[in-house]
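Structure first, commentary second.
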Amino acid sequence: MPENEQVQSFVTELRRGSLMLAVLGCLDGPRYGYDLLQTLQSKGIDIEANTLYPLLRRLDSQEILVSVWDTSENRPRKYYAISEKGVKIYAELITEWEKMQKSIANICRRDEYYDRRN
């Protein structure tokens, strides 16, 4: 596997774990999938519809999200919101993510790392 493909594989792994946090963080109220997709992309989260929609369905089936169909318009839309269970899980995950982020930042200080290598 060429190095750039290997790096891309690692980046994909990093993103996979972070996407759920990003999705939950954007659900400050009920939102339909395409609106959520645009919001995530506008905030710099590189995500495609074929990644987002299965994630939303999985979180819904795990009762982390709740969903409701709105059929009042010409085009029915499924709205997602974070459930009470989801709020609790999100809070715990954010706490763990912040701890991990601090620890990794302490380990991977770029300037210090490159100074040690030279």
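Worth saying up front: this structure is predicted, and the values here are computed from it rather than measured.
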**Prompt:** Quick one: salt bridge (charged side-chain N to carboxylate O under 4.0 Å, His left out) pairs with a partner in residues 79-95, sequence neighbours left out?
**Reply:** none

**Request:** Name all residues meeting the salt bridge (charged side-chain N to carboxylate O under 4.0 Å, His left out) criterion together with D70; count only those two or more places apart in sequence or in a different chain, and write none if there are none.
**Result:** none

**Message:** So, using ring pair (Phe, Tyr, Trp, His ring centres under 6.0 Å) as the criterion, who are the partners of Y90 when residues are at least two apart?
**Reply:** none

**Message:** To the nearest 0.5 Å, what is the distance between CZ on R77 and OG on S67?
**Reply:** 15.5 Å

**Asked** Would a distance-only check, ignoring hydrogens and angles, find a side-chain to backbone donor-acceptor pair under 3.5 Å from T51 to I47?
**Response** no

**Prompt:** Are S9 and E13 side-chain neighbours, meaning at least one heavy-atom pair lies under 4.5 Å?
**Reply:** yes

**Asked** Atom CG of L36 and atom CG of L55: how far apart are they, to the nearest 0.5 Å?
**Response** 9.0 Å

**Asked** Are E48 and L52 close enough, and set up right, to give a side-chain contact (heavy atoms from CB on, under 4.5 Å), and what steps lead you there?
**Response** CA-CA 6 Å; E48 296 179 19; L52 177 62; over 6 Å; no

**Message:** According to side chain to side chain contact (heavy atoms under 4.5 Å, CB included), who are the partners of Q62, at least two apart in sequence or on a separate chain?
**Reply:** R58, L59, I64

**Message:** So which atom in L21 and which in L93 form the shortest heavy-atom distance, rounded to 0.1 Å?
**Reply:** CD2-CB, 3.5 Å

**Prompt:** What residue pairs, at least two apart or across chains, pass salt bridge (charged side-chain N to carboxylate O under 4.0 Å, His left out) with a residue in residues 21-31?
**Reply:** D28-R31, R31-D35

**Prompt:** Do any pairs count as a ring pair (Phe, Tyr, Trp, His ring centres under 6.0 Å) and have a residue in residues 4-31, sequence neighbours left out, and if so which ones?
**Reply:** none

**Prompt:** So, for L27 and L65, which heavy atoms are closest and what is the spacing to 0.1 Å?
**Reply:** CD1-CD2, 3.3 Å

**Request:** Could you tell me which non-hydrogen atom of G33 sits nearest to which non-hydrogen atom of L56, and how far apart they are?
**Result:** CA-CD1, 4.2 Å

**Message:** For residues 21-50, which residue pairs pass the ring pair (Phe, Tyr, Trp, His ring centres under 6.0 Å) check, not counting sequence neighbours?
**Reply:** Y32-Y79

**Message:** Taking atom CD as the centre, does E63 end up with more than 12 heavy-atom neighbours from other residues, nucleotides or ligands that are less than 6.0 angstrom away?
**Reply:** no

**Request:** State whether the number of non-hydrogen atoms from other residues, nucleotides or ligands found under 6.0 Å of Q101 atom CD is greater than 12.
**Result:** yes

**Linked, directly or transitively: L24 and I94 (ILVMFWY side chains, under 4.5 Å)** = yes

**Request:** Could you list the residues that satisfy salt bridge (charged side-chain N to carboxylate O under 4.0 Å, His left out) with E96, not counting sequence neighbours?
**Result:** K99

**Request:** Check salt bridge (charged side-chain N to carboxylate O under 4.0 Å, His left out) between R15 and all other residues, then give those that pass, not counting sequence neighbours.
**Result:** D46

**All side chain to side chain contact (heavy atoms under 4.5 Å, CB included) counterparts of V66, not counting sequence neighbours** = A81, S83

**Message:** Please enumerate all residues that pass side chain to side chain contact (heavy atoms under 4.5 Å, CB included) together with M100, with sequence neighbours excluded.
**Reply:** I104

**Asked** Which value, rounded to the nearest 0.5 Å, describes the distance between L40 atom CG and L19 atom CG?
**Response** 8.0 Å

**Asked** For P76, which residues count as a side chain to side chain contact (heavy atoms under 4.5 Å, CB included) partner, sequence neighbours excluded?
**Response** W69, T71

